[in-house]
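To find a chain, count down the sequence lines: A is the first, B the second, and so on, and within it residues start at 1. All values below were derived from every heavy atom in this structure, side-chain atoms included, with hydrogens, water molecules and symmetry-related copies excluded.
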Amino acid sequence: MCKAKQLTRAEIVIIDGIRLGVIPDVVTYNTLIDAYCRFDSIDAGYSVFHRMREAGIDPDVVSYNSLMAGAARKCLLSRALDLFEEMLQSGIQPNIWSYNILMQCLFKLGKPDEANRVFQDVIISSLDPCPATFNIMINGLCKNGYTSNALMLFRNLQRRGFVPQIFTYNILINGLCKAGRMGAARRILGELRDSGHKPNAITYTTVMKCCFRCRYFDGGLEILSEMRSEGYTFDGFAYSTVLAALIKIGRIKESDEIVEQMQASGIEPDVVSYNTLINLYCKQRRFDDALKLLDEIEKSGLECDAYTHTIIIDGLCKAGNIDGARQHLNYMNTLGLGFNLVAFNCVLDALGKAGRIDQALKLFESMEVKDAFTYNILVHNLCKARRFLSASKLLMSCLKRGFKTLRSTQRAVLDGLRDSGYTNEARKLHSKIRLAQLLR
DNA sequence: TTAGGGTTAG
């Protein structure tokens, strides 16, 4: 039975109770508010909240915390802040959890200074901060780019007797990895092991992802096998991470092995796992297998998404079947998936690479949205077709729009202009490029 | 009630 139905049944039980003279109290209502916010919607939680008032029962701090947490979970951050205000105005004293949620919302809103002010207030108040309070602070600081401050807070807390939890270590390791501070991340990982905690699945996937991001693929694969030997169950997320990383660097044989392991582990693939597999088959030019997977997705009750079709389009382009790719692009439009910039960019590049530059230009004109990829692709292909003046004009309009241009794109145009005798044009373009760099 | 993570293009 789904959660919403279970909740409806829970309410029926309460109504039956009322008929029998059992009046629900604030705890019963709070349980329902929390469950509705968690498994249904914040509005459903609100509805219970109002009915509670109508029944003459006053909401308490737990009722407000449940609503605030529900709003924060759904990223309705200003709504959560309004609830905090409303609680204060109703004369209800917020507890440490109200402040925890408030800090979390302020961090998510990109207001670390305000979150820090709340934290300082908590510290000097009579409220007892709990481990989650510190974890929320460390995480919020990391997420807002204040990794050094997060590390400093961590050390200060340790000096004052705070014993970090696995949560704390994971938050910090993730923050340091994302900030590129690998040495510090490694030190904290060592401290985690020394503390007697065992790294958990989250620690492993965090570090593994970081290895892949730094292009340290063998290190990532080692973590994968260590994780397996430690008995951690792998899920679709971990497999897709590894698989996508291997495909990207062209280690196709190892990709096949991962697919076998994934299939043997009995994990039910979701759309993203299917998409990653389709990408692998496309890279191997196994289009029949890729199309079989499309059928399998539909049969399993899942729906192909924009990624699925874009991967197919790119695969067809890379295999030289541009007309097939264009057909699939049209088909994609009929599915109501909307305009997909990546798919258009793939076709644009394929047309250019195949020497069909006029068709590429026509496609470019027809595109309702363009990005840095679009411009760089076309500029490169115009250079390939030795149409350097057009390439230069396009590159300038790309710079004017504030899009990033690749150094290789700039070089292709400048060299081409000079080699073809357009030295004035080359000088003009060069100064425009330098100006754009200065303004960045 | 606080932590991580997956898919496409130059």
Side-chain angles (χ1 to χ4, degrees), chain A residues 34 37-38 62 65-66 68-70 72-73 95-101 103-104 107 129-140 142-143 164-175 177-178 199-210 212-213 234-245 247-248 262 269-280 282-283 304-315 317-318 325 340-350 352-353 371-381 398 403-409 412:
Chain A
D34 190 59
C37 285
R38 216 177 272 277
V62 180
N65 285 354
S66 299
M68 277 179 71
R73 229 176 276 128
N95 65 13
I96 187 61
W97 276 105
S98 324
Y99 284 103
N100 285 349
I101 303 164
M103 284 172 6
Q104 225 189 342
F107 275 126
C130 58
T133 314
F134 302 129
N135 292 339
I136 288 168
M137 267 310 285
I138 296 172
N139 190 33
C142 286
K143 294 262 164 70
Q165 309 162 299
I166 186 79
F167 252 88
T168 327
Y169 283 111
N170 284 347
I171 287 169
L172 208 49
I173 291 169
N174 182 46
C177 281
K178 289 230 171 95
N200 65 12
I202 293 179
T203 325
Y204 279 116
T205 44
T206 302
V207 179
M208 187 168 73
K209 179 77 191 155
C210 180
F212 290 140
R213 207 183 297 122
F234 251 52
D235 58 12
F237 274 82
Y239 276 114
S240 301
T241 308
V242 178
L243 198 51
I247 297 170
K248 209 158 257 172
M262 186 173 160
D270 61 5
V271 178
V272 179
S273 312
Y274 272 120
N275 288 347
T276 315
L277 269 176
I278 292 172
N279 191 28
L280 174 65
C282 285
K283 295 277 183 294
C304 297
D305 61 9
Y307 278 93
T308 325
H309 295 291
T310 307
I311 290 164
I312 298 273
I313 289 168
D314 183 49
C317 284
K318 296 273 178 355
N340 188 287
L341 184 55
V342 179
F344 271 85
N345 283 344
C346 292
V347 176
L348 188 73
D349 192 36
K353 283 202 173 104
D371 66 357
F373 274 88
T374 322
Y375 281 92
N376 280 285
I377 287 167
L378 195 56
V379 171
H380 255 290
N381 284 304
C398 176
F403 290 133
K404 214 175 154 193
T405 54
L406 293 180
R407 203 169 278 271
S408 59
T409 311

query = side chain to side chain contact (heavy atoms under 4.5 Å, CB included) with A:N170: which residues, sequence neighbours excluded?
reply = A:I166, A:L192, A:N200, A:I202, A:T203
note = Atom CG of A:D349 and atom P of B:dT8 are separated, to the nearest Å, by 16 Å
ask   = Base, backbone or nothing for each nucleotide of nucleotides 1-6 of chain B, written B, S, -, heavy atoms under 4.0 angstrom, 5' to 3'?
value = BBBBBB
key: Test side-chain contact (heavy atoms from CB on, under 4.5 Å) applied to A:I278 and A:Y307, step by step   = CA-CA 10 Å; A:I278 292 172; A:Y307 278 93; over 6 Å; no
inquiry  = For a quick check under 3.5 Å, do A:T133 and A:N100 share a side-chain donor-acceptor pair by atom type?
reply    = yes
query = In whole Å, what is the span from the CG atom of A:L406 to the C1' atom of B:dA9?
reply = 12 Å
message = Quick test of the criterion, 5.5 Å between centres and less than 30° between planes. Is A:Y307 stacked on B:dT8 or not?
response = no
task = Provide the closest heavy-atom pair for A:F167 versus A:N135 in the form atom of the first, atom of the second, distance.
result = CB-ND2, 3.6 Å
query = Base, sugar-phosphate, or nothing for A:A372, non-hydrogen atoms under 4.0 angstrom?
reply = base
ask   = Roughly how far, to the nearest 0.5 Å, is OG1 of A:T308 from CG of A:L277?
value = 11.5 Å
task = Quickly work out the A:L277 CG to B:dT7 P distance and round it to whole Å.
result = 14 Å
Phosphate-side-chain proximity, A:K283 and B:dT8, N/O vs OP1/OP2 below 4.0 Å = no
note = In whole angstroms, the gap separating C1' of B:dT7 from CD1 of A:I311 amounts to 5 Å
inquiry  = Can you see whether A:N95 engages A:S98 through a side-chain donor-acceptor pair at a distance of less than 3.5 angstrom?
reply    = yes
query = Can you check the A:I312 CD1 to B:dA9 C1' distance for me, whole Å?
reply = 15 Å
